[in-house]
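Below you'll find the structure, written out as structure tokens, and then a few comments.
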Amino acid sequence: MKHVLRFFGLLSAFIIGVLALNILAPSLVPDVLDISGLLSKATFSEGTRLKPEEKPKGGLLAPEGNGEIAASPLTSKDGSQISSDLLSLKYFRARLNEQEVEVYDTIYQAVEDGIDELNIKDRGIKKDSLLEVFDLYRMDCPEHYWIDNMQIKYQGIGHIVTQINFKYNSTLDSRDSYDKQVASLVDQIKGQNIGAREYDKVKYVHDFIVTSTSYEESSIHNQDIISVLINKSSVCAGYAKATQYLLNELGIECLYVSGFSKGEAHAWNIVKVNDAYYNLDTTWDDPIITDSATAIDFEKYISYRYFLITDDQLKKTHEQVAPPSINIPTCNSTSMNYFVKEGLLYDQFDANTMNAIASKLSHDMLNGQRPQFLAFKFTNNQAYSFYMDQLASTWHQIATIVNEGLGNDLINPYSVSNLSSGGDEDIVEMIIYYR
């Protein structure tokens, strides 16, 4: 019994001592949490961001002793104001409370300025809240491609965060070079005749990324936009962030979403088009196809299987992992889906369908195009199976209608191929052969 009492006596003294340390001298009991292993890592080395003489003393974003939030409005490194239109597209920022928004903006400004060390003791934010805000900030802000991860210090029983140390993947000189190249590309895109419709903007960005990017696991900067917009090769994270970045530049709200697809960790997007949300996966719409037996250039192949689709369609191949405290938008509209919008969705295969498909192909060819691929979709498996069971004869009829309408014999009606993903979407993706 004495041993038990002695144990509780020692335990009480220990607890009192810890409380005293936290109340009287919290700075004496700091702790550090390195979240490097919790964040996506790229395959590049960390660069030196600031020269020693350039680092702010004390690592403060605001002047020493200033308890206010980061400079408002937010500014870019060249002194220009961060567009309020851009900030309005940040889905997760809009769903944080006031304190969290202040911390979010403080982090945003610090990373924009290339601050290595940030003192946020006055914010009074707890470790778990800070980690969530930082994760949501990263999901919101593909433009900050140079942020890799961070290390934080916190103290006290409440785990109040006192300091953030940012880890960057690019030097200031590299960032300046990248920024100029990305800005030039954005100017080129904005100079194209894309059209004012949100659907057209999303389709343009989707097609641009699919046709200009190769999937390559060893690509440099494959966790950010540089891999896609400059290096032209990436993995799913790069595809999704570049999609988000370009759509944001065109004024379209776009979320970065992560989860699993076909048993592997994966990332894609949710896009807001005409006030409704849709899933978009530019990675899976850029399949790797090699065929040395033909002269078909599959680098130009664009799939639309994952272009503005519903949650029900996505769940067949994807499993979404949402942030713990913020709901991801529900995607249940079909009105902006590629096959619906382009008039390529059919209930059955009959003479009307055959003429409609031939008309679509003829229209493209009359406008100077020579499409190598043609995709359309059936609303039911019965119609899809009917078409596929008679693929050679049905395609011969479609090709003949096109040739007769154009007054030439350009399309080869005797050569036919269909690309198949092995899915159950009832989508036909034809390869067109010319004489």
Side-chain angles (χ1 to χ4, degrees), residues 73-94 104-105 108-109 111-112 136-147 170 174-213 221-234 236-257 267-275 277-283 285-286 302 307-308 329 336:
L74 299 176
T75 57
S76 63
K77 66 183 179 70
D78 63 5
S80 61
Q81 182 177 332
I82 301 296
S83 169
S84 59
D85 291 337
L86 174 62
L87 292 177
S88 71
L89 299 175
K90 307 298 185 186
Y91 178 87
F92 295 111
R93 181 181 183 273
Y104 179 113
D105 287 354
Y108 190 102
Q109 189 69 70
V111 174
E112 182 67 28
L136 297 176
Y137 146 76
R138 278 167 53 97
M139 293 173 68
D140 263 349
C141 303
E143 65 270 25
H144 282 177
Y145 58 84
W146 56 92
I147 180 67
S170 302
S174 295
R175 178 183 164 189
D176 288 341
S177 175
Y178 289 149
D179 285 350
K180 291 177 182 177
Q181 294 179 69
V182 171
S184 176
L185 176 62
V186 170
D187 287 342
Q188 291 177 33
I189 290 175
K190 289 182 177 180
Q192 300 295 315
N193 185 23
I194 300 173
R197 297 188 307 174
E198 293 181 349
Y199 172 87
D200 294 330
K201 294 178 181 179
V202 176
K203 186 176 182 297
Y204 181 91
V205 169
H206 170 272
D207 294 358
F208 171 81
I209 289 178
V210 168
T211 55
S212 65
T213 312
H221 276 274
N222 63 16
Q223 298 298 302
D224 62 59
I225 66 174
I226 299 304
S227 58
V228 172
L229 303 184
I230 296 178
N231 298 334
K232 307 301 182 183
S233 66
S234 192
C236 59
Y239 275 78
K241 288 182 179 179
T243 300
Q244 181 186 29
Y245 175 78
L246 290 180
L247 287 177
N248 284 172
E249 285 291 318
L250 294 176
I252 303 294
E253 183 180 322
C254 180
L255 286 71
Y256 177 91
V257 185
W268 62 96
N269 301 103
I270 291 178
V271 186
K272 188 177 184 181
V273 184
N274 289 14
D275 297 323
Y277 288 97
Y278 302 84
N279 293 289
L280 174 68
D281 192 338
T282 48
T283 306
D285 273 349
D286 188 15
I302 304 173
F307 183 85
L308 304 186
M336 292 293 119

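All values below come from the heavy atoms of this structure, side chains included, with hydrogens, waters and symmetry mates left out.
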Interatomic distance, CG@L185 vs CD1@I230, rounded to 0.5 Å, equals 8.5 Å
(Q) Counting C-beta onward and ignoring hydrogens, is there a side-chain heavy-atom pair between F307 and V202 closer than 4.5 Å? (A) yes
query = Between R175 and E143, is the closest basic N to carboxylate O distance under 4.0 Å?
reply = no
- Task: May I have the step-by-step check of side-chain contact (heavy atoms from CB on, under 4.5 Å) for I270 and Y91, ending in yes or no?
- Result: CA-CA 11 Å; I270 291 178; Y91 178 87; over 6 Å; no
If you apply the rule side-chain contact (heavy atoms from CB on, under 4.5 Å), what do you find for Y104 with K90, and how did you get there? CA-CA 11 Å; Y104 179 113; K90 307 298 185 186; 3.8 Å; yes
Q223 and Y145: side chain donor to acceptor below 3.5 Å: no
Run W146 and H221 through side-chain contact (heavy atoms from CB on, under 4.5 Å) and show every step you take. CA-CA 9 Å; W146 56 92; H221 276 274; over 6 Å; no
Show your reasoning for whether side-chain contact (heavy atoms from CB on, under 4.5 Å) applies to I209 and V228.
CA-CA 7 Å; I209 289 178; V228 172; 4.3 Å; yes
To the nearest 0.5 Å, atom CD1 of I302 lies from atom OG1 of T211 at 5.0 Å
Result for side chain to side chain donor-acceptor pair (under 3.5 Å) between Y239 and one of N269, N222, D286 points to D286
| For the side chain of Q244 and the backbone of M139, is there at least one donor-acceptor N/O pair under 3.5 Å apart? | yes
When rounded to the nearest 0.5 Å, the distance separating CG of N279 from CH2 of W268 is 7.5 Å
Here the gap from D275 atom CG to M336 atom CE, rounded to the nearest 0.5 Å, amounts to 10.5 Å
* **Student check: side-chain heavy atoms of V273 and R197 closer than 4.5 Å** => no
Rounding to 0.5 Å, atoms NZ (K241) and CG (L246) come to a distance of 14.5 Å
Between L280 and V271 the two heavy atoms that sit nearest each other are CD2-CG2, 3.7 Å
query: If you draw the axis of the six-membered ring of Y278, does the NZ or CZ of K272 fall within 45° of it and under 6.0 Å from the ring centre?
result: no
Problem set entry | Donor-acceptor pair, side chain of S88 and main chain of D85, under 3.5 angstrom | yes
What one should report as the nearest heavy-atom pair of A267 and D281 is O-OD1, 4.3 Å
Taking the side chain from S227 and the backbone from D224, do they hold a donor-acceptor pair closer than 3.5 Å?
-> yes
Note: S234 and G238 closest approach over all heavy atoms is OG-CA, 3.1 Å
Residues at least two apart in sequence or cross-chain that pass ring pair (Phe, Tyr, Trp, His ring centres under 6.0 Å) with Y108, listed by chain then number, are H144
### Query
Should the pair D207-K203 be classified as a salt bridge under the 4.0 Å nitrogen-to-oxygen rule?
yes
#### Entry: Heavy-atom side-chain proximity of Y178 to I225 below 4.5 angstrom
no
Closest non-hydrogen atoms of T75 and E112, given as atom of the first, atom of the second and distance, are O-CG, 3.4 Å
CD1 (I252) and CG (L89) are apart, to the nearest 0.5 Å, by 8.5 Å
All heavy atoms of C254 vs all of L247, minimum pair found to be SG-CD1, 3.9 Å
Residues at least two apart in sequence or cross-chain that pass side chain to side chain donor-acceptor pair (under 3.5 Å) with Y204, listed by chain then number, are none
Legend entry - Exercise: do H206 and D285 side chains pair donor with acceptor under 3.5 Å: yes
